[in-house]
Structure formats: structure tokens, C-alpha cells
Amino acid sequence: MLTLASKLKRDDGVKGSRAASAPSDSSRRVSIRDRLLVKEVAELEANLPCTCKVNFPDPNKLHYFQLTVSPDESYYQGGKFLFEVEVPEAYNMVPPKVKCLTRIWHPNITETGEICLSLLREHSIDGTGWAPTRTLKDLLNFDDPLNIEAAEHHLRDKEEYRSKVEDYIKRYAR
């Protein structure tokens with residue numbers, strides 16, 4: 001899977017023996033983001049719960065991947081939710097961009113997939129936003145309201161909320 005890791009090792013071996021020749025594709029400089037991602041992706045995969053699965057459409061692009069979450073408990077049990085994660089070039093100074101591709105009724109996710117998670121903000125009032133000391137593994141902790149209607153619905157009538165979530169799962173998350 002970590003094709004980029006082997007590329008990094010190969011690049012490090014080429015550095016010392018490289019003459020003054022033109023750089024080839026395999027000996028180009030690798031960004032700090034990509035060097036960090038080799039380690040962080042391995043750590044993320046090692047810590048994923050069994051209800052989550054990571055998919056790299058292109059194994060040479062660790063900065064873009066999809067995360068599938070299939071909860072085995074809670075209102076969302078039985079659903080399959082796909083998230084897209086894109087790590088910008090300025091990572092780890094800026095947070096990754098995460099979007100939910102599966103339509104879901106959730107207080108932290110709009111129906112168009114935007115996610116409200118203070119961790120995904122560069123600056124947050126509560127001080128829990130993104131910081132260079134954070135890693136991709138920190139994304140596995142979700143807790144912050146965005147879809148106010150869904151949050152109020154959950155607080156007002158949990159049974160009706162469960163019914164609406166089940167309807168969304170039947171229609172969009174299977």
C-alpha cells in the first residue's frame with residue numbers, strides 16, 4: 001500500500017550517489033507533507049476501528065483518500081458512510097479537508113456533506129482547532145454541532161430522530 005514510502009527510501013539512497021545529472025521523476029524532492037503522511041497513514045491504519053476502512057484511489061497520492069465508516073452501534077448502525085479526506089500541501093500547518101460523500105442526518109454534518117468539527121478549523125474559539133502537533137489519527141474523534149436542525153431534533157425527540165436516521169440510511173447509506 002505505501003508505495004510512496006518505498007519511493008522515499010529509494011530517493012534517500014539516490015541522494016548520496018547522484019551525480020550532477022538532471023533529476024528524474026524518481027529522484028524529485030518529496031514535500032514535507034508527503035514525508036509526514038508516510039508515517040501518519042501507517043499510524044492511522046494501525047489505529048482504525050474495525051468499523052472503518054481506508055481506501056487510496058491512487059497509492060502514490062497519500063494526500064487523498066477515502067474513509068468508509070460502517071457503525072455497529074448507535075442510531076447509524078447498519079449504514080455505510082463515505083468520507084473524502086484531502087490533505088493540502090501546507091499540511092501540517094493547516095488541517096486536512098474532510099467531506100461526507102454520503103447523505104446523512106447528523107448534527108455535525110450538513111446534508112451537502114460539510115462537516116463541523118473544531119479540529120478541522122485552523123482557528124477555533126475554544127482552542128481545540130487544528131495545530132501542527134495534531135495528526136490524521138486525531139480525525140477519528142467527532143464532537144461539534146453544525147446541522148442545528150438535526151441537533152435540535154435529537155434533543156427534542158430521540159425516537160423520531162432515530163426514525164429519520166433509519167430513513168436516511170435506507171435511502172442513502174447502503
Side-chain angles (χ1 to χ4, degrees), residues 1-16 25-104 106-110 113-124 126-146 165 168-169 172-174:
M1 193 317 303
L2 290 178
T3 313
L4 187 59
S6 57
K7 179 184 181 320
L8 291 175
K9 286 179 186 171
R10 193 172 58 240
D11 286 354
D12 286 342
V14 170
K15 270 184 200 170
D25 281 346
S26 66
S27 64
R28 276 188 309 199
R29 293 186 123 199
V30 178
S31 70
I32 291 171
R33 172 197 66 185
D34 290 344
R35 287 187 180 273
L36 286 169
L37 287 177
V38 169
K39 178 183 173 213
E40 289 187 24
V41 164
E43 183 180 74
L44 175 70
E45 288 180 321
N47 289 288
L48 272 181
C50 62
T51 56
C52 297
K53 192 175 174 184
V54 176
N55 174 46
F56 292 87
D58 181 344
N60 288 308
K61 294 182 179 177
L62 297 182
H63 62 276
Y64 176 79
F65 59 93
Q66 295 171 335
L67 176 69
T68 303
V69 180
S70 303
D72 59 2
E73 58 185 19
S74 83
Y75 296 128
Y76 304 95
Q77 180 177 1
K80 191 174 183 180
F81 305 95
L82 184 63
F83 295 84
E84 173 182 76
V85 180
E86 190 169 343
V87 182
E89 189 65 43
Y91 182 80
N92 68 346
M93 298 307 287
V94 298
K97 296 182 183 335
V98 182
K99 184 171 184 171
C100 184
L101 301 178
T102 308
R103 200 160 167 203
I104 184 173
H106 191 283
N108 300 32
I109 304 170
T110 66
E114 288 86 23
I115 298 173
C116 178
L117 184 62
S118 59
L119 178 63
L120 295 175
R121 292 186 214 120
E122 263 185 89
H123 309 287
S124 69
D126 62 5
T128 60
W130 188 259
T133 55
R134 296 202 183 266
T135 67
L136 292 176
K137 188 175 75 167
D138 294 326
L139 294 178
L140 298 177
N141 184 7
F142 285 74
D143 208 4
D144 198 358
L146 172 63
V165 167
Y168 267 68
I169 288 171
Y172 308 112
R174 295 219 178 205

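The basis for the numbers below is simple: all heavy atoms, side chains too, and nothing from hydrogens, waters or symmetry mates. This structure is a prediction, so every number in the text was calculated from the model and none was measured.
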### Query
Excluding sequence neighbours, so at least two apart, what forms side chain to side chain donor-acceptor pair (under 3.5 Å) with Glu84?
Tyr64
### Message
Does Leu101, at its CG atom, have more than 12 non-hydrogen atoms belonging to other residues, nucleotides or ligands within less than 6.0 Å?
### Response
yes
### Query
Is a side-chain donor or acceptor of Thr51 paired with a backbone partner of Pro71 at a separation under 3.5 angstrom?
no
If you look only at distance, which donor and acceptor atoms sit under 3.5 Å apart when one is on a side chain in residues 85-96 and the other is two or more places apart or in another chain?
unit_1	atom_1	unit_2	atom_2	d
Glu89	OE1	Arg33	NH2	3.3
Glu89	OE2	Ser31	OG	3.2
Tyr91	OH	Glu40	OE1	2.3
Tyr91	OH	Glu40	OE2	3.3
Asn92	ND2	Pro132	O	2.8

### Query
How far does CZ of Arg103 sit from OG1 of Thr110, to the nearest 0.5 angstrom?
10.0 Å
### Query
What distance do Ser70 atom OG and Gln77 atom CD have between them, rounded to the nearest 0.5 Å?
11.0 Å
### Summary
dist Ile109:CD1 -> Cys116:SG (nearest 0.5 Å) comes out at 10.0 Å
### Message
Is any side-chain heavy atom of Leu62 closer than 4.5 Å to one of Val38?
### Response
yes
### Message
Using side-chain heavy atoms (C-beta onward) and a distance below 4.5 Å, is Tyr76 in contact with Val69?
### Response
no
### Summary
In this structure, CD1 of Ile32 is separated from CG of Leu37 (nearest 0.5 Å) by 12.0 Å
### Task
State, yes or no, whether a side-chain contact exists between Leu136 and Glu43 at a heavy-atom distance under 4.5 Å.
no
### Query
Are the side chains of Tyr172 and Ile104 in touch, meaning some heavy atoms are under 4.5 Å apart?
no
### Query
Looking at the rings of His106 and Phe81, which for Trp means the six-membered one, are their centres under 6.0 Å apart?
no
### Query
Which pair of non-hydrogen atoms, one from Asn47 and one from Lys137, has the smallest distance, and what is that distance?
ND2-CD, 3.4 Å
### Message
I want to check something: taking the side chain as every heavy atom from C-beta on, are Ile115 and Leu120 in contact at a cut-off of under 4.5 Å?
### Response
yes
### Task
Look up atom CG in Leu67 and atom NZ in Lys53, then write down how far apart they are to the nearest 0.5 Å.
11.5 Å
